[in-house]
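Here is the structure we will look at.
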Amino acid sequence: MLDNPPHSADRLAERITLTQMGGGSDRYRDKTRASHNFHTDPVAAGVALRLVRPHQLVLSDFMNCSAIDITADSELLARLRSATALKWATLLAANFDAWFQHRSTRGRRHGSWMHDSLTPSVAFGLPFVTFTLERIRSDVRDPNGRAMEVACAVDYEAFVEWMHEGVCA
């Protein structure tokens with residue numbers, strides 16, 4: 001038995017690149033709702049940010065944008081509902097419709113932000129998000145924090161086109 005196998009759990013953090021949605025609650029429009037991924041378990045988030053390098057944070061600032069909002073009349077949903085759509089697409093459209101109905105009965109907005117797809121696009125190496133180096137502690141900018149790649153711009157048009165191509169392929 002090896003004392004220090006090359007793939008031991010203690011070296012796992014060295015081999016992981018963390019791509020995280022959220023962060024930046026110091027500038028988000030509603031600081032109480034920003035970075036719910038961080039606020040759910042701040043201790044675990046802090047440990048992950050200290051252990052795993054490099055980091056890529058797709059900030060909350062870029063999440064709720066009308067360009068990536070799917071609504072009942074959006075082009076993407078129309079494609080999912082089309083007469084020639086595959087069974088999985090019509091099922092997805094039905095789920096969107098149920099989600100919109102659920103939210104409308106509670107007086108909430110009728111859309112669904114596609115930010116959950118934006119963050120994995122970064123992990124896939126797709127070019128929609130531009131990053132800059134900033135110092136972050138927990139989920140806020142801090143001159144004494146760790147240097148991390150932080151989202152500074154998003155090409156929403158290219159991202160939405162990619163989403164449409166994926167759905168219609």
Side-chain angles (χ1 to χ4, degrees), residues 15-41 44-45 48-49 52-134 136 139-141 148-169:
R15 301 180 317 169
I16 294 174
T17 297
L18 177 68
T19 303
Q20 172 69 42
M21 179 174 67
S25 65
D26 55 328
R27 296 185 190 166
Y28 189 61
R29 63 181 170 79
D30 180 353
K31 293 177 183 170
T32 63
R33 297 193 41 87
S35 310
H36 58 271
N37 291 326
F38 285 93
H39 294 275
T40 299
D41 190 342
L49 291 177
V52 177
R53 294 184 200 106
H55 307 88
Q56 293 178 308
L57 297 179
V58 181
L59 300 175
S60 297
D61 310 26
F62 299 100
M63 299 300 161
N64 300 341
C65 172
S66 61
I68 58 173
D69 192 20
I70 302 297
T71 60
D73 59 346
S74 70
E75 181 184 346
L76 182 62
L77 199 49
R79 291 180 182 194
L80 294 171
R81 290 184 184 127
S82 78
T84 59
L86 298 174
K87 193 170 188 167
W88 68 264
T90 57
L91 178 62
L92 183 56
N95 277 280
F96 268 116
D97 290 336
W99 173 250
F100 299 149
Q101 179 62 31
H102 168 79
R103 293 183 58 83
S104 69
T105 60
R106 287 163 177 71
R108 313 260 322 255
R109 65 179 210 85
H110 295 104
S112 181
W113 310 113
M114 293 294 100
H115 58 289
D116 291 323
S117 303
L118 181 62
T119 303
S121 78
V122 171
F124 300 154
L126 299 172
F128 311 124
V129 181
T130 303
F131 291 89
T132 188
L133 205 57
E134 290 196 41
I136 303 288
D139 70 331
V140 297
R141 292 160 184 92
M148 296 180 202
E149 288 185 39
V150 176
C152 62
V154 174
D155 184 346
Y156 293 111
E157 186 176 327
F159 171 70
V160 169
E161 184 178 324
W162 173 74
M163 291 272 297
H164 285 203
E165 287 174 5
V167 166
C168 298

Rounded to the nearest 0.5 Å, how far does [atom2] of [Y] lie from [atom1] of [X]?
X    : Y    : atom1 : atom2 : answer
S74  : L77  : OG    : CG    : 5.0 Å
I68  : F62  : CD1   : CZ    : 11.0 Å
L126 : L118 : CG    : CG    : 10.0 Å

Partners meeting side chain to side chain donor-acceptor pair (under 3.5 Å) with S82 (sequence neighbours left out):
T84
Sequence neighbours excluded, which residues qualify as side chain to side chain donor-acceptor pair (under 3.5 Å) partners of T90?
none
Just to verify, what does [X] make a side chain to side chain contact (heavy atoms under 4.5 Å, CB included) with, not counting sequence neighbours?
X    : result
T132 : E134, C152
A78  : none
E75  : R79, H164

Can you list everything that forms a ring-ring contact (aromatic ring centres under 6.0 Å, His included) with F159? Sequence neighbours excluded, please.
F128, W162
All heavy atoms of F131 vs all of L57, minimum pair found to be CE2-O, 3.6 Å
Closest non-hydrogen atoms of Q101 and S104, given as atom of the first, atom of the second and distance, are O-OG, 2.9 Å
pair T19-T119: side-chain heavy atoms closer than 4.5 Å
yes
Answer yes or no: is there a donor N or O on one side and an acceptor on the other, between the side chain of Y156 and the main chain of S66, under 3.5 Å?
no
Holding to salt bridge (Lys or Arg N to Asp or Glu O under 4.0 Å), I want the full list of residues that pass it with D155, two or more places apart in sequence or in another chain.
none
Name every donor-acceptor pair, under 3.5 Å, that has one atom in a side chain of residues 91-100 and the other anywhere in the protein, sequence neighbours excluded.
unit_1: N95; atom_1: ND2; unit_2: L91; atom_2: O; d: 2.8
unit_1: D97; atom_1: OD1; unit_2: R81; atom_2: NH2; d: 2.4

Give me each pair satisfying salt bridge (charged side-chain N to carboxylate O under 4.0 Å, His left out) with a member in residues 114-123, each pair once, sequence neighbours excluded.
none
